[in-house]
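Throughout, numbering of the chain's residues begins at 1 and tracks the sequence. Quantities reported herein were computed from a predicted structural model and do not represent experimental measurements. In what follows, every heavy atom counts, from backbone to side chain, and hydrogens, waters and symmetry copies are set aside.
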Amino acid sequence: LSCIDWCPQAKECVGPEVYERLRPGVQEDFSGSDTILDIIKREHERVLENIGLLRASSLCLKLGAFAPQSAVRGKGIEHLSKVLDFVDKDVGLHFRREAEVLFPALEKHLGVEKSPTQVLLGEHAGIWRWYSQMKEKLVELQGNEKEPSEAALVEVQDLSSHIEHLLREHIKKEDESFLPLVRNLLGKNELEDISSQWKSISI
């Protein structure tokens, strides 16, 4: 059974479709006609689609506290584990590619101090700090056979909301401001070179 078959809060959640598509490990689909900007936008869309599962895990854990004998709590931990694995692998690789390939290319035109890349790198670091806290909370939940306390559930919900918010705002900033800047400053040959390097970096 999928979440929608048994969960009374399914409509507030991301639904089973996203969960079934969430496959950590970078499902890449590089078309020969894609530019690096197309690839980045598609990776952003996949992140936005999948991070909603953080909210799903929080809801499952919260509902599980009201029904200790149900499988809801286990579903919440499973959801949380899966989405954190996605962040670790797919988002981590995306950030690494930006830091090693895309950002240096732009800094050649603007210089390091005037480039927005330093702000974006700072946001990467901030997201990873919150991710680390959530990872620690997951280990705690997995190792505790007792029902989590209300305080622990609130903490999970707060961490989930914060990570989701940071990622959404970061991607919005890149899509609306940073990528248009890249398009305007970098020539066709530079973009093709970045695309080749981007594809060569893997987990």
Checklist outcome for this item: On a heavy-atom basis, the closest approach of I51 and V83 is CA-CG2, 4.3 Å
Item to check | Least distance between heavy atoms, H44 atom then E98 atom | outcome: NE2-OE2, 4.0 Å
For the pair [X] (side chain) and [Y] (backbone), establish whether a donor and an acceptor sit closer than 3.5 Å, ignoring hydrogens and angles.
X	Y	answer
N184	P180	yes
S161	Q157	yes
R97	Q197	no
S195	L191	no
S57	L54	yes

Next on the checklist: Between L120 and I201, is there shared hydrophobic-cluster membership here, with clusters defined by ILVMFWY side-chain heavy atoms closer than 4.5 Å?
Outcome noted: yes
Item to check | Heavy-atom side-chain contact between F103 and H124 under 4.5 Å | outcome: yes
Checklist entry - So do the side chains of F178 and L106 get within less than 4.5 Å of each other, counting heavy atoms only? => result yes
Next on the checklist: Let's go through R46 and E43 carefully: what are the C-alpha distance in whole Å and the side-chain angles of both, what is the deciding distance for salt bridge (Lys or Arg N to Asp or Glu O under 4.0 Å) to 0.1 Å, and is it a yes or a no?
Outcome noted: CA-CA 5 Å; R46 187 159 185 259; E43 290 184 6; over 6 Å; no
Checklist outcome for this item: dist E45:CD -> D175:CG (nearest 0.5 Å) comes out at 8.0 Å
Next on the checklist: With no hydrogens and no angle check, just 3.5 Å: does a side-chain donor-acceptor pair link E113 and Q118?
Outcome noted: no
